[in-house]
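This structure is a prediction, so every number in the text was calculated from the model and none was measured. Each chain gets a letter, A, B and so on, in the order the sequences are listed, and its residues count up from 1.
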Amino acid sequence: MEGTTGSGLAAEKAKRLQKIDELRTTGANPYPYRFDRTVTLAELRDLHGGLEAGVETDFEVAIAGRIMLSRDSGKLVFATMRDRDGEVQLFVSKAVVGDDAFEAFKGLDLGDWVGVHGTVMTTRKGELSVKVQRCELLSKAVRPLPDKWHGLTDTDTRFRQRYADLIVNDDARRAFRIRHEIIASFRRTLHGRGFIEVETPVLHVEAGGAHARPFVTHHNTLDMQLYLRIALELHLKRLIVGGMERVFEIGRIFRNEGISTRHNPEFTMIELYQAFADYSEMIEISERLITQAAIDATGTSVVTIHGPTEQIQVDLAQPWRRARMIDLVAEATGVEVHPSQPVEQLRALAAEHGISVSPRWGSGKIIEELFEYTAEHTLIAPTFVTGHPVEISPLARVDRHDPYLTERFELFVGARELANGYSELNDPVEQRARFVDEQAAKDAGDAEAGTVDEDYLRALEYGLPPTGGLGIGMDRVAMLIAGVHSIKEVILFPTLRPEQF
RNA sequence: GCCCCUCUAGCUCAAUGGUAGAGCAGUGGACUUUUAAUCCAUUGGUUCAGGGUUCGAGCCCCUGGGGGGGCACCA
């Protein structure tokens, strides 16, 4: 623990802390306040990446970054510096910087942040480098970096210490870069179509807009129970009532459910609502948003889709399949189904497929179960599943051609649901009836059923224009475009059990 | 909640039930064009925790914990 011999973690930290003390005794600050850099390392490479080997320029730069590697060859030290977007080699010559500065440079540790003044050059082998004139410690790292070659692979450590993961794993940095590009792309596409970005409450008096178990919390001053939102839907549609016409929100959603490769208790959803549009417009926007995001994030609309048992390459720019839920079930089971059929008939079919059915379920819910068990896992390439039964779609408008179905779709890619949209139900009388059915289901013991949201009904009574709405799971889109298998790879700090220190 | 896998040095990994090891990092030394630099030497361990079996446990058994995968759950 004390002293600077040995080489465990404690000894390593002690040695570095001692270096900090020694710096301070010489009047140096191991944690200075700022550094004015002139170029980023990506800019440096853009400007000078084409230099031939063995060239020394007079081009002076000030750069800043973290020391990632160091190669000491006596009176010369080569180090690799990295900033957010690039790397460059530092060329440190004892003859150039002088004995004291040279020793000081050798005293740096991997992981230290430094600022460097120097000139641009290339080595004999052609490596773009900065010939260091002056090097300033910007922040001393007390803890050593993970393995310089193997990086960090332990998932526990990677997710708990995301900072360390980001320092050493290129793939981690890439995934979050892609996530950023996707979100930026979505915003651009929607701004281009006249959408306004809004923010609505996270704390809800009633957890509506979806079927999910909510997190419950409490407000002290109001002394009331509140729920973390499970969807954005109902507030955004209130804004359409208010005449905002085209709104969207990218927001965190909370669902008190299991954790898996596809689920995190808090995740990010985008929802958008467009007045005077219907679900067909939402289908078109879904396709456009995701395809454009892939292009913006990766430069190509071709993605590799990882299904449960297979993986395929798909060009998102090609039209996506559309199929009604009832037709997919018929295709999978060989039996025509429709929510107008007697519930006994559908129960029998479910039983044939080994699906246990709650006595509370009507025909529509059983059809959905049949779909999930028989058809969903086959939807690897992007597929819009449409025409959900009314029973399972309390906020969607009835299909203009079939009173048992709704004008609704869900997008499946890689057998995962990515999006959900519909022509919004805007008849306040019918909406109340649907809410009453939901409340009845909740009272009968369905923890995920909704309640009667009186304020939302009041809003509808002011008049919701014909509206198309859409929700897309941003994390899952990021998984698709980044080509990763777990949602934890696209959430910076995924939900984990607390660590014991 | 259930099932399976996993946990060894700071990191990446070894180790028939028989003295816990390697590479990297670290430390000391050599080297003015290296780039996972190289070469020589070298420090470093509560093997997740607690029990048990055994002459002897990193390894086998039990309990607990973290993580991963699957199931269940999840519009």
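- Of the C1' atoms belonging to B:A49 and B:U8, the separation is 15 Å, rounded to the nearest Å.
- Side-chain proximity of A:S486 to B:U32, B:G26, B:G69: nearest is B:G69.
- Rounded to whole angstrom, the span from the CG atom of A:L108 across to the C1' atom of B:A25 amounts to 16 Å.
- A:E257 and A:H263 are not linked by any side-chain donor-acceptor pair at a separation below 3.5 angstrom, with hydrogens and angles left out of the test.
- Listed for the A:D402 side chain is a donor-acceptor partner under 3.5 Å among the backbone atoms of A:Y404.
- Using cut-offs of 30° and 60° for the angle between ring planes, the A:H204 and A:H235 rings count as tilted.
- Computed from coordinates, the A:R71 CZ to B:A36 C1' distance equals 9 Å when rounded to whole Å.
- No engagement by A:A164 is indicated, since no non-hydrogen atom pair under 4.0 Å with the nucleic acid exists.
- Among the heavy atoms of the strands, none lies under 4.0 Å from A:K131.
- If you take atom P in B:A72 and the same atom in B:A15, they sit 35 Å apart, rounded to whole Å.
- Nucleotides B:C3 and B:A25 place their C1' atoms 39 Å apart, quoted to the nearest Å.
- If you take atom C1' in B:U27 and the same atom in B:U32, they sit 24 Å apart, rounded to whole Å.
- Side-chain rings of A:F409 and A:Y422 stay apart, their centers remaining 6.0 Å or farther from each other.
- Atom P of nucleotide B:G26 and atom CH2 of A:W149 are separated by 17 Å, given to the nearest angstrom.
- An OP1 or OP2 oxygen of B:G68 is reached within less than 4.0 angstrom by a side-chain nitrogen or oxygen of A:K488.
- No contact: A:G54 has no heavy atom under 4.0 Å from any strand.
- Searching all strands for a Watson-Crick or G-U wobble partner of B:C71 with both distances below 3.5 Å returns B:G1.
- Looking only at distances, a side-chain donor or acceptor of A:R16 sits under 3.5 Å from a matching main-chain atom of A:A141.
- Using a 4.5 Å heavy-atom cutoff, the side chains of A:E266 and A:I253 are not in contact.
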Sugar-phosphate atoms are those with a prime plus P, OP1 and OP2; base atoms are the rest. Using that split, label each nucleotide of nucleotides 70-75 of chain B B, S or - for protein heavy atoms under 4.0 Å, 5' to 3'. S--BBB
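- Distances were taken from every side-chain heavy atom of A:L110 (C-beta onward) to each of B:C11, B:U33, B:G26; the shortest belongs to B:G26.
- Taking the six-membered ring wherever Trp is involved, the centroid distance between the rings of A:F412 and A:F371 falls below 6.0 Å.
- In this structure, B:U12 and B:A22 make a Watson-Crick or G-U wobble pair, each of the two defining distances being under 3.5 angstrom.
- Atom P of B:C31 sits at a distance of 36 Å from the matching atom of B:C13, rounded to the whole Å.
- Nucleotide B:G17 is matched to nothing when pairs are restricted to Watson-Crick or G-U wobble geometry with both distances under 3.5 angstrom.
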I'd like a list of close polar pairs between nucleotides 2-6 of chain B and the protein, N/O only, cut-off under 3.5 Å.
none

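- Remark: the backbone N or O of A:D112 is not paired with any side-chain donor or acceptor of A:D109 at under 3.5 angstrom.
- To the nearest whole angstrom, the two P atoms, one in B:U47 and one in B:U42, are 25 Å apart.
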Below 3.5 Å is the cut-off: list the nitrogen or oxygen pairs between protein and nucleotides 64-66 of chain B, distance only.
{"unit_1": "B:G66", "atom_1": "OP1", "unit_2": "A:R497", "atom_2": "NE", "d": "2.9"}
{"unit_1": "B:G66", "atom_1": "O3'", "unit_2": "A:R160", "atom_2": "NH2", "d": "2.7"}
{"unit_1": "B:G66", "atom_1": "O2'", "unit_2": "A:D156", "atom_2": "OD2", "d": "3.1"}
{"unit_1": "B:G66", "atom_1": "O2'", "unit_2": "A:R160", "atom_2": "NH2", "d": "3.2"}

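- Here A:L128 contributes atom CG and A:T123 contributes atom OG1; the two are 9.0 Å apart, rounded to the nearest 0.5 Å.
- Of the P atoms belonging to B:G50 and B:U12, the separation is 23 Å, rounded to the nearest Å.
- A:L69 places its CG atom 15 Å from the C1' atom of B:G26, with the value rounded to the nearest Å.
- Atoms CZ (A:R158) and C1' (B:C11) sit 14 Å apart, rounded to a whole Å.
- With both ends at atom C1', the span from B:G56 to B:A20 equals 15 Å, rounded to whole Å.
- One can place CD of A:E489 at 13 Å from C1' of B:G67, the figure rounded to the nearest angstrom.
- For B:U12, the OP1/OP2 oxygens have a side-chain nitrogen or oxygen of A:T153 closer than 4.0 Å.
- Residues A:R408 and A:D399 are not paired through a salt bridge, judged by the lack of any N-O separation under 4.0 Å between the basic side chain and the carboxylate.
- If you find the closest nucleotide of RNA chain B to A:P144 and to A:M121, the one lying nearer the 5' end belongs to A:P144.
- Side-chain contact of A:D443 with A:Q439: a donor-acceptor pair under 3.5 Å is present, judged by distance alone.
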What's the verdict on side-chain hydrogen bond (donor to acceptor under 3.5 Å, both in side chains) for A:E60 and A:T119, showing C-alpha distance, side-chain angles and the deciding distance? CA-CA 4 Å; A:E60 293 185 2; A:T119 54; over 6 Å; no
What do the steps show when you test A:S423 against A:E407 for side-chain hydrogen bond (donor to acceptor under 3.5 Å, both in side chains), and what is the final call? CA-CA 6 Å; A:S423 299; A:E407 294 198 356; 2.8 Å; yes
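- Heavy atoms of A:T123 sit under 4.0 angstrom from at least one base atom.
- Note on A:K148: every side-chain N or O is 4.0 Å or more away from OP1 and OP2 of B:A36.
- The shortest heavy-atom contact between A:S393 and A:R434 is O-NH1, 2.7 Å.
- Per the geometry, NZ belonging to A:K13 stands 12 Å off P belonging to B:C11, to the nearest Å.
- The nucleotide B:A30 finds its pairing partner in B:U38, both defining distances of the Watson-Crick or G-U wobble pair being shorter than 3.5 Å.
- Nucleotide B:U54: unpaired (no Watson-Crick or G-U wobble partner with both distances less than 3.5 Å).
- Side chain of A:L76, nearest nucleotide from B:U32, B:U12, B:A36: B:U32.
- Place A:F91 and A:G151 on RNA chain B by their nearest nucleotides, and A:G151 ends up nearer the 5' end.
- Below 30°, between 30° and 60°, or above 60°: for A:H306 and A:H485 the angle between ring planes is between 30° and 60°, a tilted geometry.
- Residue A:D72 contributes atom CG, which lies 17 Å from atom P of B:C40 at whole-angstrom precision.
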